[in-house]
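Below is one structure, written out as structure tokens; comments come after it.
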Amino acid sequence: MTVAAVIQARMGSTRFPGKVAAHLDGRPVLAHVVDRARRARCVDRVVVATTTKDRDDTIVEVATALGVDHVRGPEDDVLRRMVIAADHAGATVVVRITADC
């Protein structure tokens with residue numbers, strides 16, 4: 001059994017655009033979420049799932065800097081992005097995490 005924590009992240013928030021890249025205590029919010037997911041004892045892989053939109057290149061840059069895998073999929077299909085991430089991780093179990101939690 002492979003457990004993957006899939007963090008869904010996008011820059012296109014309507015109330016606070018770019019909040020996952022906003023700095024909290026000197027680091028992007030996404031970095032804090034990735035760190036916590038990595039600490040989970042039952043999680044084997046952490047993957048950031050974002051969209052193919054250019055504005056989400058920032059998320060890819062943050063994920064790369066953190067050394068965490070990332071995948072990209074359609075903006076309007078969150079489930080498809082989750083499936084892409086699960087397949088990428090070889091996951092049999094997926095823990096869905098939003099990047100702004």
Side-chain angles (χ1 to χ4, degrees):
M1 175 172 67
T2 300
V3 178
V6 178
I7 302 169
Q8 59 186 68
R10 62 186 187 88
M11 298 290 284
S13 167
T14 54
R15 291 176 295 185
F16 184 177
K19 70 180 156 187
V20 298
H23 280 229
L24 177 66
D25 196 29
R27 300 174 58 218
V29 169
L30 180 57
H32 293 278
V33 176
V34 167
D35 286 349
R36 267 99 184 145
R38 283 179 167 157
R39 291 180 192 168
R41 286 175 278 183
C42 66
V43 170
D44 301 304
R45 303 270 314 265
V46 176
V47 181
V48 173
T50 193
T51 80
T52 55
K53 295 286 187 182
D54 290 343
R55 68 177 171 238
D56 290 323
D57 290 349
T58 300
I59 292 169
V60 171
E61 291 168 11
V62 172
T64 300
L66 295 169
V68 69
D69 286 346
H70 69 276
V71 297
R72 299 184 91 155
E75 181 178 40
D76 60 348
D77 191 346
V78 176
L79 180 58
R80 182 72 192 128
R81 291 196 310 267
M82 297 296 290
V83 169
I84 292 168
D87 287 346
H88 174 81
T92 51
V93 176
V94 174
V95 178
R96 179 182 177 221
I97 302 170
T98 56
D100 58 355
C101 285

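It should be emphasised that the depicted structure is a prediction, and the values quoted were computed from it without experimental measurement.
Residue D100 holds its CG atom at 9.5 Å from CZ of R10, rounded to the nearest 0.5 Å. Here E75 contributes atom CD and D56 contributes atom CG; the two are 7.0 Å apart, rounded to the nearest 0.5 Å. Interatomic distance, L79 CG to Q8 CD, rounded to the nearest 0.5 Å: 10.5 Å. Considering CG of L30 and CD of E61, their distance stands at 12.0 Å, rounded to 0.5 Å. Atom CD1 of I7 and atom CZ of R36 lie 11.0 Å apart (nearest 0.5 Å).
A 4.5 Å side-chain heavy-atom check between H70 and T64 finds at least one atom pair inside the cut-off.
The hydrophobic cluster containing V62 also contains M11, counting ILVMFWY residues as joined when their side-chain heavy atoms lie under 4.5 angstrom apart, directly or transitively. Linking Ile, Leu, Val, Met, Phe, Trp and Tyr residues whenever their side-chain heavy atoms come within less than 4.5 Å leaves V60 and L66 in two separate clusters. Both V78 and V6 are members of a single hydrophobic cluster when ILVMFWY side chains are connected at heavy-atom separations under 4.5 Å. In the hydrophobic cluster analysis, where Ile, Leu, Val, Met, Phe, Trp and Tyr join through side-chain heavy atoms closer than 4.5 angstrom, M82 is grouped apart from M1. The same ILVMFWY cluster, assembled from side-chain heavy atoms under 4.5 Å apart, contains both V46 and V93.
With hydrogens and angles disregarded, a donor-acceptor distance shorter than 3.5 Å links the side chain of H32 to the backbone of L24. Side chain of R72 to main chain of K53: a donor-acceptor pair is present (N/O by atom type, distance under 3.5 Å, no hydrogens or angles).
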*Take V33 and I97, measure what side-chain contact (heavy atoms from CB on, under 4.5 Å) needs, and give me the verdict at the end.*
CA-CA 8 Å; V33 176; I97 302 170; 3.8 Å; yes
*Before giving the answer on side-chain contact (heavy atoms from CB on, under 4.5 Å), spell out for V95 and V3 the whole-Å C-alpha distance, their side-chain angles and the decisive distance to 0.1 Å.*
CA-CA 7 Å; V95 178; V3 178; 4.0 Å; yes
*asked:* side-chain contact (heavy atoms from CB on, under 4.5 Å), that's the test. Do V68 and R38 meet it? Break it down for me.
replied: CA-CA 10 Å; V68 69; R38 283 179 167 157; 3.7 Å; yes
_What verdict does the side-chain contact (heavy atoms from CB on, under 4.5 Å) test give for I59 and V48, after you've listed the backbone C-alpha separation in whole Å, the side-chain angles of each residue and the deciding distance to 0.1 Å?_
CA-CA 8 Å; I59 292 169; V48 173; 3.7 Å; yes
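Listed here is the closest heavy atom pair of I84 and P74: CD1-CD, 4.5 Å. Summarising the geometry of A89 relative to V47, their closest heavy-atom pair is CB-CG2, 3.9 Å, with the distance given to 0.1 Å. Contact between V20 and A99 at its shortest, heavy atoms only, is CG1-CB, 3.4 Å. Across all non-hydrogen atoms, the minimal contact from K19 to V29 is O-CG2, 3.5 Å. The minimum heavy-atom distance linking R55 with G12 is given by the pair NE-CA, 3.7 Å.
For R45, the side chain to side chain donor-acceptor pair (under 3.5 Å) partners are D69, not counting sequence neighbours.
Among D76, T51, T52, the one residue that satisfies the side chain to side chain contact (heavy atoms under 4.5 Å, CB included) test with R81 is T51.
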